[in-house]
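Here's the structure, in C-alpha cells; my notes come after.
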Amino acid sequence: MDEQPEPAQTPGGGLDRRAELSEFLRTRRARLKPEDVGLPDFGRRRVPGLRREELAQLAGVSVAYYTRLEQGNGRNVSAEVLDAIARALRLSDAEHAHLMHLAKPKQHKKKPVARSQQVRPALRHLLDSVESVPAYIVGRRSDILAWNRMASALFGDWAEMPAQERNWARLVFLRPEYRKLFVEWDQKASDIVGYLRMDAGCHPDDPQLSALVGELSVKSEEFRRLWAAHNVKEKSYGVKRMHHPLVGDLTLSFETFRLVDDAEQSLITYHADPDTPSAEALRLLASWGADATRSGTRASTPSE
C-alpha cells in the first residue's frame, strides 16, 4: 500500500507554505551524502543524507537556526543565509528560486490567483499562422490555453475536451493515450510535476492548484510519489521522443518562450531536424490537418 503523505493544505484551500518549505529542505538534505560535500562519514545513519548539524556547519549558521528554518519558520531569514543554505545543499537555479519563493514570499508581488487566464488575440493569430510547427500556449498549473492545428494533429483534439481537462498534468497522469504517446513517459511525468512544484512555490494560496494536486494525488499513485519527492524544474528546452498512432516514431526538439507581458504564460514549439524521418512525419501531419483526427489522433482545429 502506498504510504506517500497527502499534500498539506491551509484552511483557505491553498497549500501550506510552511509545510512545503520544511519538506523541501528535508528532501534536499536527504539526497546528499557526507562524501558529496567533503565531510567524513562516521558510520551508519538512521536516516539517509546529511545531518542537520552537518548542513548547518556547511552553511555557516547555528544548528538551532537551521532547525527552525527546516521546521518551516523562514519569516525572518535573510537572503544571504538562504543563498548559503542553497550552496550547501547544492541546489540548482530552479531549486534556489523555489527556496526563495517558499521562505521569503513577501519579496514577490501577490496577484489574484482565481482570475481567468487570457491569451491575447495577437498571440492566437500567431499560432494560427504557424502552420508547420506544433505550438501551444501554457499557463499557470500547466493549463493549455491556446494551440494551433499542428498541435492538435500531434497531441490530440483538445478542442473537444472540457476546459478543465486541458491541463498537462491531467493528460499525462490520467489519460492512457498520453502514456503511449511519450516514449519516455516517466521523464515527461517528472517534468510536469517539477513545473507544478515551481508553481506551488510562487502561488501556494492558489485553491485551483491545490485542488489539482489533491485530485491527482488520489487518482494517481505515480503522481503522489513524484509530488512527495519535492523536485522542481523550470520549463526550458530539450528533446522529446514520441510514438504517434499515425506517423510512428518522432524525435522532436521543443523550445519554451516565456511571454514578456505575462511571465505565467509560455509559448511552446516543437520542431524536427531538417531532412529526417521526423521532419517528414510532421509534413504528413500538416498535410492531413484535421483529417488526422478522424484517422486516429482525434486532432482538430480548436474553436476560438
Side-chain angles (χ1 to χ4, degrees), residues 2-9 14-42 44-108 169 186-187 189-204 209-210 213 217 222-236:
D2 194 296
E3 297 294 337
Q4 298 295 346
E6 293 292 328
Q9 298 184 356
L15 297 172
D16 187 334
R17 190 189 295 272
R18 290 188 60 169
E20 292 293 305
L21 174 61
S22 176
E23 284 299 301
F24 178 68
L25 287 172
R26 184 186 62 78
T27 55
R28 298 313 89 179
R29 180 169 58 84
R31 71 182 181 181
L32 289 176
K33 299 177 181 178
E35 55 265 31
D36 295 335
V37 294
L39 292 177
D41 188 357
F42 295 109
R44 190 168 179 268
R45 294 167 181 251
R46 291 184 301 167
V47 294
L50 295 180
R51 299 184 177 96
R52 284 177 175 172
E53 55 267 29
E54 292 171 331
L55 196 284
Q57 175 187 343
L58 290 170
V61 299
S62 71
V63 177
Y65 190 100
Y66 176 76
T67 299
R68 287 196 300 272
L69 183 62
E70 195 173 288
Q71 290 172 344
N73 186 9
R75 185 185 312 170
N76 298 317
V77 65
S78 69
E80 291 75 18
V81 168
L82 289 175
D83 289 344
I85 290 172
R87 288 192 297 270
L89 288 171
R90 308 291 178 88
L91 299 187
S92 67
D93 290 344
E95 290 171 330
H96 193 167
H98 186 62
L99 175 62
M100 296 295 291
H101 292 153
L102 293 175
K104 297 188 72 64
K106 292 182 181 180
Q107 290 185 346
H108 305 275
D186 290 345
Q187 185 59 55
S190 178
D191 290 347
I192 290 296
V193 175
Y195 303 152
L196 287 181
R197 271 287 176 199
M198 287 295 294
D199 220 2
C202 296
H203 306 286
L209 175 59
S210 179
V213 170
S217 295
E222 290 155 315
F223 177 87
R224 191 161 59 248
R225 173 180 56 81
L226 289 169
W227 186 257
H230 285 263
N231 294 326
V232 297
K233 188 171 184 178
E234 287 274 21
K235 300 180 185 72
S236 56

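Bear in mind the structure is a predicted one, so any value in this text is a computation, not a measurement.
Here the closest heavy-atom approach between residue Ala59 and residue Ala84 is recorded as O-CB, 3.5 Å. Smallest separation of non-hydrogen atoms from Gln71 and Arg18: O-NH2, 3.9 Å. Across Arg17 and Gly201, no two heavy atoms sit closer than the pair NH1-O, 3.5 Å. Between Gly72 and Ser22 the shortest heavy-atom distance is N-CB, 4.1 Å. Summarising the geometry of Phe223 relative to Val213, their closest heavy-atom pair is CE2-O, 3.7 Å, with the distance given to 0.1 Å.
The closest side-chain heavy-atom distance from Leu21 to Leu99 is below 4.5 Å. Proximity of Leu226 to Asn231: side-chain heavy atoms (C-beta onward) are nowhere separated by under 4.5 Å.
Ion pairing of Glu23 with Arg26 is present here, as a side-chain N (NZ or NE/NH1/NH2) and a carboxylate O approach within less than 4.0 Å.
Partner Leu58 forms a side chain to side chain contact (heavy atoms under 4.5 Å, CB included) with one of Val37, Leu89, Ile85, Leu32 and no other, that one being Val37.
Rounded to the nearest 0.5 angstrom, Leu15 CG and Leu102 CG are separated by 10.0 Å. In this structure, CG on Leu55 lies 10.0 Å from OG1 on Thr67, to the nearest 0.5 angstrom. Annotation: the span from Glu20 atom CD to His101 atom NE2 amounts to 14.0 Å, rounded to 0.5 Å. Atom OG of residue Ser190 and atom CZ of residue Arg197 lie 12.0 Å apart, to the nearest 0.5 angstrom. Taking CD of Glu234 as the start and CE of Met198 as the end, the distance is 3.5 Å to the nearest 0.5 Å. Atoms OH and CG, on Tyr66 and Leu25 in that order, are 4.5 Å from each other to the nearest 0.5 Å.
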Take Leu196 and Trp227 through the side chain to side chain contact (heavy atoms under 4.5 Å, CB included) test and state the conclusion after the steps. CA-CA 9 Å; Leu196 287 181; Trp227 186 257; 3.8 Å; yes
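Checked by atom type and distance alone, the side chain of Lys104 pairs as donor or acceptor with a backbone atom of Val77 at under 3.5 Å.
Aromatic ring pairs are classed by plane angle as parallel below 30°, tilted from 30° to 60° and perpendicular above 60°; the pair His230 and Phe24 is tilted.
For the salt bridge (charged side-chain N to carboxylate O under 4.0 Å, His left out) condition, the pairs that include at least one residue of residues 90-99, sequence neighbours left out, are Arg28-Glu95, Arg31-Glu95.
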